[in-house]
Amino acid sequence: MTKPEGVIELGPKPFERNAKGGLCTRIGTVFLRTPGLVTLPGIHAMQRMAFIEELNRRRMEGGEPPLTDAEVDLEIAESVDLLFDENYALIRPDPRRMELAMRGDAFLQHYVSKRKIRYLNIQSSQVRDALRQCGEAWRMAPIPRYEEEIRTLIENARVGIGSRAIYYYNHLTGTRFLTLGAFRSIGDLPEAELRALLLEIQKNLQCRNRFANPEIDFLPAEAMSVQQFADEPFAEMDEKTLRAAYSRLLSAFEQGVKDPSLRQDNPDDPGWRRALSGALVQKSNETGVAAVIEGLSPEFFMQIEWLPGGRVAEGELFFDPIFSEADEHPEDDQLRRLCDHRARAILFNYVREYSQIEYVNIGRTRRSLSGRTGQGPRAFVYIVELKERYRDKPQVKIIRIQRWTVASHLAEGKPLLQSMIEAEDYTDYVMDRRLGARQLGMHLPATMIPRTFRELVRDRDGALQNVWTGYFERDYISGFATDKIPEHLYASDAFATAFCRLLGQAAAPNIVVGRATVEGGKTIFDDGDEVIQLNAFHLPQHLILSEPTGSFTNYARPYVETIADYAAALNRRKDLFTTDFEVLADIFVNSFEDELARIQRVYRERRAGFDTLFRDRPMDVNGSIAYRWKCVLARLDAVNAHALACHLRDYINL
């Protein structure tokens, strides 16, 4: 990395370690009018003062007068705040001056690889839009979601100002939180260090940073008042008086903390972790996270790991320069994972197919939302935000890599030609399965398009093969997955009634097509694929099955053997409803019976169309789609809808 000439550098290098292995500094400031990088420990205000002092010292050495007040203001106005954690250099931009933040970003890349630079304040639409329009949604600071990530967040947030690290730092607001446990821990320190810390707390409780947030605050904020500290003349006290004042403040702090989980700093206490992590991300990414992509549900967004792609200028695609860095360092596993070759191939397809692209952002799901097992290899899922110049809003697409690909067959030791044929057969099967499910009454996304891209893969012998990999594209369905509906919504009688009606209706085609896991034949229903859409009154209006996964797996078992699985969907919500549960059970069962009878009636009225739907597909009793379709229709024709509904009612825990 070539650094510009004449840069003022004060403090340790970014990510430099001390003798104990910790970071030498966790904050920094980039100056752009006179180029400079300051990483001295302390607070950002102190770094700005140190920079101005160094600039004046150099001017005096050169025979120039010190900066005027107006010139000082210009230097500070052209500065950008940085934070450092174990993994990233974090830019805290002023949303009103994103051009300045991006200039600071470019300057910082002389010191830190672009892949290790992220942006905070993404609750601001100005910050989000600036990154999205560059195709750089991947540079939004990652949001801690899982327990191990929250523990890391808390561990990395521990900072000091002058010496001892006794605070927890909120990267978004710049506030350092002082917990009761941390304040209690300083009581046995030597007199000089105790006095210095009390003076440090006292001073910074009364200071505000450039974003008008307190430099130090208590956790919880109502536990203590700033005035209780401000009135103590710590600098003038002898040791006995000093320790008495500390004991008095500690007692007041203890009395002010009402939440038992906050009385001790205990990372193993879920209540303490929850409270502290909440304080560390307040006004944070999560505040507006659902709006990062309009209509994207929060639980889905939180699982997305945004990836480098490229920017489109006048119809020309420019891949992110970080891909070149990955090519130069093939041994870097972390960089190779970030520069996902599949995401790059998908982006390339879009640029080939669309001529009016403004920007594209691509991410992949970090973990499965359903946690479902027994379906063979995991189907990797990507999300694409595609904005065309003539559209007011971006389109959001879901990309699901085909579960059984040429690569997976090669890994099993199959020849290349056989692997290609079997992968193509599976693509056909998935599309046929979708057609059959839709014909039998399932509400599915309007379109699903099979596509391919090329990739280099290794067969079981380690030889490289250039093969096609299939994937399926569909529109994102906004709403609540039925297994992730906020519990408080069930307390509404109107919500509960509409929900039970839609869930009962969805259960009918689900049992008809026999959705189940390949391994074990476990019924798939109400576990993340069904999406409830609300109307203008926030009541359930539609239920759409986003993915007909497992359809036609259970094509031979009698309905009565799986009917209890559908009753379980209602039973597990029994304690959440305030409406009479027997009334809701009637709605659920009657909706199931009515929909099942409707599907059966439609089949009988249009029997020829149904029976011949897959006549061009091979009939194989080992499980071809044509054979499964025949079995499913025969089972549907034979069922007594009313009798099956009575069985369903028998399994509901009234």
Side-chain angles (χ1 to χ4, degrees), residues 429-448 474-475 477 479 481-482 498-516 523-533 540-563 565-567 569-570 587-615 617 625-649:
Y429 174 78
V430 170
M431 297 305 294
D432 288 345
R433 182 181 70 184
R434 170 183 161 83
L435 173 61
R438 192 176 70 226
Q439 184 112 342
L440 287 170
M442 280 192 159
H443 297 283
L444 302 174
T447 60
M448 187 171 80
R474 65 167 175 83
D475 290 336
I477 305 301
T482 56
F499 172 77
C500 290
R501 184 184 71 255
L502 290 176
L503 194 65
Q505 289 173 354
N510 205 88
I511 199 170
V512 170
V513 303
R515 289 183 71 219
T523 297
I524 299 175
F525 182 66
D526 186 36
D527 73 343
D529 289 334
E530 293 85 359
V531 177
I532 288 284
Q533 295 184 315
Q541 185 174 31
H542 302 292
L543 188 151
I544 299 177
L545 184 69
S546 61
E547 299 284 351
T549 306
S551 296
F552 303 104
T553 297
N554 173 10
Y555 58 89
R557 291 175 67 189
Y559 292 146
V560 292
E561 293 184 11
T562 61
I563 194 65
D565 298 330
Y566 296 91
L570 197 66
I587 293 171
F588 178 76
V589 172
N590 291 339
S591 298
F592 171 84
E593 180 179 350
D594 291 345
E595 183 64 10
L596 181 60
R598 187 195 69 80
I599 296 170
Q600 186 183 61
R601 183 176 65 255
V602 169
Y603 166 60
R604 289 172 174 172
E605 290 173 354
R606 306 171 189 171
R607 189 182 297 271
F610 278 81
D611 289 348
T612 60
L613 183 63
F614 294 114
R615 65 182 176 184
R617 296 291 188 260
I625 188 64
Y627 180 73
R628 295 179 189 219
W629 181 247
K630 177 182 177 181
C631 295
V632 162
L633 293 182
R635 185 174 59 182
L636 172 64
D637 195 27
V639 70
N640 182 317
H642 179 69
L644 186 63
C646 290
H647 279 296
L648 176 63
R649 188 185 303 274

- Task: Given side chain to side chain contact (heavy atoms under 4.5 Å, CB included), test R515 with T549 step by step and report yes or no.
- Result: CA-CA 7 Å; R515 289 183 71 219; T549 306; 4.2 Å; yes
- Query: Step by step, would you call I511 with F525 a side chain to side chain contact (heavy atoms under 4.5 Å, CB included)?
  - Reply: CA-CA 9 Å; I511 199 170; F525 182 66; over 6 Å; no
- Message: Apply side chain to side chain contact (heavy atoms under 4.5 Å, CB included) to residues M448 and R434 and explain how you reach the verdict.
- Response: CA-CA 9 Å; M448 187 171 80; R434 170 183 161 83; 3.7 Å; yes
- Dump the intermediate steps for side chain to side chain contact (heavy atoms under 4.5 Å, CB included) on I563 and F592, then the final yes or no. CA-CA 11 Å; I563 194 65; F592 171 84; 3.9 Å; yes
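The closest donor-acceptor contact from the side chain of N510 to the backbone of I524 lies under 3.5 Å. Distance alone, capped at 3.5 Å, places no donor-acceptor pair between the R617 side chain and the I625 backbone. A donor-acceptor pair under 3.5 Å links the side-chain atoms of Q600 to the main chain of V639, judged by distance alone. Using a distance-only test at 3.5 Å, with no hydrogens or angles considered, no donor-acceptor pair links the side chain of W629 to the main chain of F552. For R474 (side chain) and E547 (main-chain N/O), no donor-acceptor pair under 3.5 Å exists by modelled atom type. For the pair R635 (side chain) and P558 (backbone), a donor-acceptor distance under 3.5 Å is absent.
To the nearest 0.5 Å, the span separating CD1 on I599 from CE on M442 amounts to 8.5 Å. Put simply, CG on L440 and CG on L435 are 9.5 Å apart, with the number rounded to the nearest 0.5 Å. One finds the OH atom of Y566 at 10.0 Å from the CG atom of L644 (value rounded to the nearest 0.5 Å). Remark: R598 CZ to L596 CG distance equals 10.0 Å, nearest 0.5 Å. Between the OH atom of Y555 and the OH atom of Y627 there is a distance of 6.0 Å, given to the nearest 0.5 Å. Put simply, CD on E593 and SG on C646 are 7.0 Å apart, with the number rounded to the nearest 0.5 Å.
Between L570 and C500, the closest heavy-atom pair is CD1-SG, 3.7 Å. Nearest heavy atoms, V513 versus A437: CG1-CA, 4.2 Å. Shown here for L503 and A569, the closest heavy-atom pair between the two residues is CD2-CB, 4.1 Å. Nearest heavy atom pair, residue P509 against residue E595, reads CD-CG, 4.1 Å. The two residues L502 and L543 make their nearest non-hydrogen contact at O-CD1, 4.0 Å.
Using a 4.5 Å heavy-atom threshold, the side chains of R557 and T562 count as touching. P445 places none of its side-chain heavy atoms less than 4.5 Å from the side chain of D475.
Counting heavy-atom neighbours within 6.0 Å of R604 CZ, excluding the residue itself, gives a total above 12.
Inspection of the N554 and Y559 side chains reveals no N or O donor paired with an N or O acceptor under 3.5 Å.
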